[in-house]
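Inspection log for the structure reproduced underneath, given as structure tokens.
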Amino acid sequence: MMQTQLFINGEFLDNGDREMRPNINPATEEVISEFPMATAADVDAAVDAAFEAQKSWEKLPAIERAGYLNELADAILAKQETFARVTAEEMGKPFAQAMDEAGWLPAYIQFFAGLARHMKGEIIPSDRPNENIFMYKVPLGVCAGIMPWNFPLFLIGRKVAPALVAGNTVVIKASSDCPNGAYEFAKVVAESSLPKGVINVITGPGGVTGDALCANKKVAMISMTGSTEVGKKIMANAAQNVTKVSLELGGKAPVIVMNDCDLDATVDHVIASRIINTGQVCNAAERVYVQEGIASAFTQKVIEKMSAVTYGPALGGTFDMGPMVNKKQQEHVAELVQSAIDEGATIACGGHAATVDGKGYFFEPTVVTGCTHEMRIMREEIFGPVLPISTFKTLDEAIEKANDCDFGLTSSIYTTDYDTAMRALNEIKFGETYINREHFEAFQGFHAGMRMSGLGGDDGEHGLEEFLQTHVCYVDYDLKRNKQ
Ligand code: NAD
């Protein structure tokens, strides 16, 4: 049985008597490998290594740091297929989607390497004569990257690339559902010329490893992507040392479909925004509000297309969707679907947990109709291939329902009317809005949520700023006056 190892200070540690946990293929339910639970002492060793390495890392010119990042990107690209296979196997996403993700990781690293020459401070006019006020942008120190399982490769890029180019060092804690992708990344780091301790990669349960990481005083920032529930715990834990947090949490993206939309294109975009990654995406279309005049035609086409969505093992053929990542996630989706039935909604297609050849944590592509805004399925994150549909009369009503939500990450509207689109943009309160296109963000944007969807954000130049802090210096240069 393959065993992964902790990667600390440039070395893979012997697993010794550390507790080992199984990594399960969600399509076949087979154990793929085992991974070690980092103890609190391991966490401290990883943070110490990153802390020591940071002292010289921040002194390198940013363009030299970018050189190391580009070296990592090239090495990952050379192993793109390996990364994709590992992720398809442990996470369950179809191989083609895993290949895409394994390509985004190096591209994202290259994007941030390209920002090395764009970091700048400010010179601020002083109230005094002969004084300059300089605002430097300086690194934070050690950044902890706490990973989710849904994009286990791409998210390495989000945690590592901006942090490193800004002069920080990192300790990455992989998700217990996807330790192997992070292990492959650690192997690339180990084979590179990157100085020891700049990137450390550990595995272990949130409650032990994650807690120890968040409570460590030498950690200057915790960048976590995951559920709102865990985000709150991390925030509370970080409060002990007043550690900065950047939290990318859950979503409940509303989709507003107007009578005047391009019907066929809208249906295609909405389905794509629901089934990608088996619906396990923070920005996915989570609830649809369709205007009454087009509701019947839209719903019928959605049911037809959703019924044609295929699912199967990631490495066992070409399917639109793989399994859910684990049994818990499958049960969560089933429970929410049942709650909708109990509250009076109708299952128009799908609706059940499923297996393929008697195995796996699959879920049928599902459309739920007759939903009302108050139902749990319209208010709680589903994170699965289930599309609940509700209707509305006026744009005001749709925007009010869309905004009446604990989450505030992404949103979308489909209309061919310019006034409607602009009004929606001005009134909808979400971190991202997509007009007439599927939900999917760009490297150069800024992925940040309102309300319980998080704090801070990722991507683009604003994402880089998250990994920097200010140092303001007041310089009185009139030496003669100083001597008098
Ligand atoms: P999760 O919250 O269960 O786990 C996330 C990570 O936190 C894991 O590595 C876990 O081990 C760790 N963790 C758990 N308890 C901890 C603790 N007490 N201290 C420190 N770390 C702890 O999330 P998940 O199930 O892996 O991911 C799915 C969730 O992530 C969904 O809610 C989804 O919407 C969200 N997500 C958000 C974005 C975004 O950009 N906003 C992107 C992807 C996923």
Side-chain angles (χ1 to χ4, degrees), residues 21 26 35 37-38 40 43 90-91 93 101 104 108 144-159 171-179 181-182 201-216 219 222-240 243 245-253 276-286 324-330 332-333 336 380-384 406-410 430-432 439-441 445-459 463 466:
R21 293 245 173 120
F35 62 97
M37 304 283 96
V43 172
E90 68 180 347
M91 193 267 153
K93 70 180 66 187
E101 190 184 343
W104 300 337
Y108 195 84
I146 300 186
M147 301 271 300
W149 45 258
N150 62 342
F151 287 97
L153 300 177
F154 175 55
L155 266 290
I156 291 174
R158 276 192 170 153
K159 305 297 175 208
V171 177
I172 300 299
K173 191 201 89 60
S175 162
S176 297
D177 283 296
C178 293
V201 182
I202 58 175
T203 45
V208 178
T209 313
D211 265 358
L213 199 49
C214 297
N216 190 306
V219 171
I222 304 158
S223 169
M224 178 268 193
T225 303
S227 63
T228 298
E229 187 192 343
V230 171
K232 287 183 196 172
K233 282 189 198 155
I234 287 178
M235 221 173 147
N237 207 351
Q240 293 174 67
T243 305
V245 291
S246 175
L247 303 172
E248 299 302 305
L249 308 176
K252 186 71 188 168
I276 183 173
N277 213 25
T278 319
Q280 303 167 117
V281 191
C282 58
N283 65 9
E286 277 269 330
M324 312 295 308
V325 72
N326 56 35
K327 193 165 180 52
K328 191 171 150 222
Q329 203 60 30
Q330 185 197 43
H332 160 75
V333 175
L336 261 186
E380 296 176 22
E381 189 176 43
I382 305 168
F383 229 55
D406 287 343
F407 298 101
L409 191 58
T410 70
F430 285 78
E432 270 164 33
H439 296 212
F440 210 72
E441 69 269 19
F446 187 52
H447 187 54
M450 297 180 185
R451 299 184 288 281
M452 289 198 198
S453 285
L455 278 178
D458 285 313
D459 307 338
E466 293 281 323

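Computed from heavy atoms alone, side chains included, the values below leave out hydrogens, waters and symmetry copies. Please read all numbers here as calculations on a predicted model, not as lab measurements. Note that ligands are numbered from 1 as they come in the structure, with each ligand's atoms numbered from 1 the same way.
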Per-atom contacts of ligand 1 with S175, taking only distances under 4.0 Å to non-hydrogen atoms: 9 (O)
Return yes or no for this condition: an N or O of T225 is under 3.5 Å from an N or O of ligand 1. no
Option with minimal heavy-atom separation from atom 16 (C) of ligand 1, where the choices are G206, A448, P152: G206
Please check: side-chain N/O of R451 versus main-chain N/O of F407, any donor-acceptor pairing under 3.5 Å? yes
What do you reckon, does G226 have a nitrogen or oxygen under 3.5 Å from a nitrogen or oxygen of ligand 1? yes
Smallest heavy-atom separation, P179 atom then T203 atom, equals CB-CG2, 3.7 Å
Would you check if V281 and H439 make a side-chain contact, meaning some heavy-atom pair closer than 4.5 Å? no
For ligand 1, which part of E381 has a heavy atom less than 4.0 Å away: the side chain, the backbone, both, or neither? side chain
Show which atoms of ligand 1 fall inside a sub-4.0 Å distance from at least one heavy-atom site of L409. 41 (N)
CD on E90 to OG on S175, rounded to 0.5 Å: 8.5 Å
With respect to atom 21 (N) of ligand 1, which of I234, V325, D459 exhibits the smallest heavy-atom separation? I234
Is there a side-chain contact between T225 and R158, using heavy atoms and a 4.5 Å cut-off? no
What protein heavy atom is closest to atom 28 (C) of ligand 1, reported as residue, atom name and distance in Å? F383 CE2, 3.6 Å
Could you tell me how the ring of F151 sits relative to the ring of W104: parallel (under 30°), tilted (30 to 60°) or perpendicular (over 60°)? tilted
A student checking ligand 1 against P148 at a 4.0 Å heavy-atom cut-off should list atoms 26 (O), 27 (O)
Starting from atom 26 (O) of ligand 1, find the nearest protein heavy-atom neighbour and note its residue, name and distance. W149 CD1, 2.9 Å
Side chain, backbone, both or neither: which applies to F151 and ligand 1 if a contact is any heavy-atom pair less than 4.0 Å apart? neither
What residue and heavy atom of the protein are closest to atom 44 (C) of ligand 1, and at what distance? N150 ND2, 3.2 Å
Protein heavy-atom partner closest to atom 18 (N) of ligand 1 - residue, atom, separation in Å: D211 OD1, 3.2 Å
Protein residue, atom and distance nearest to atom 10 (C) of ligand 1, heavy-atom basis: K173 NZ, 3.9 Å
Only one of H447, K252, E432, M450 clears side chain to side chain contact (heavy atoms under 4.5 Å, CB included) with L409; which? H447
Should you measure from each heavy atom of G210, which atoms of ligand 1 turn up under 4.0 Å away? 19 (N), 20 (C), 21 (N)
What one should report as the nearest heavy-atom pair of T243 and V219 is CG2-O, 3.4 Å
Could you tell me whether the side chain of Q330 and the main chain of M324 form a donor-acceptor pair under 3.5 Å? no
Yes or no, since that's all I need: does a protein heavy atom fall within a distance strictly under 4.0 Å of atom 4 (O) of ligand 1? no
Using a 4.0 Å heavy-atom cut-off, which part of I146 comes near ligand 1: side chain, backbone, both, or neither? side chain
Side chains of V245 and L455: does their closest heavy-atom pair fall under 4.5 Å? yes
Starting from atom 38 (C) of ligand 1, which protein heavy atom do you reach first, and at what distance in Å? C282 SG, 3.0 Å
Reported CG-to-OH distance for the pair L155 and Y108, which is rounded to 0.5 angstrom: 9.0 Å
Does the S453 side chain pair with the main chain of G250, one donor and one acceptor, at a distance under 3.5 Å? yes
Tell me: protein heavy atom nearest atom 23 (O) of ligand 1, and distance? S227 N, 3.3 Å
Against heavy atoms of V230, which atoms of ligand 1 measure under 4.0 Å? 2 (O), 7 (O), 13 (N), 14 (C), 15 (N), 16 (C), 22 (C)
When you look for heavy atoms under 4.0 Å from ligand 1, do you find them on the side chain of M224, its backbone, both, or neither? side chain
For atom 37 (C) of ligand 1, what is the closest protein heavy atom, and at what distance to 0.1 Å? L249 O, 3.0 Å
State whether the side chain of E101 and the backbone N or O of F154 hold a donor-acceptor pair below 3.5 Å, judged by distance alone. yes
Nearest non-hydrogen atom to atom 8 (C) of ligand 1 belongs to which of Q280, E286, M147? M147
Heavy-atom closest pair (A38 atom, I202 atom, distance to 0.1 Å) is CB-CB, 4.3 Å
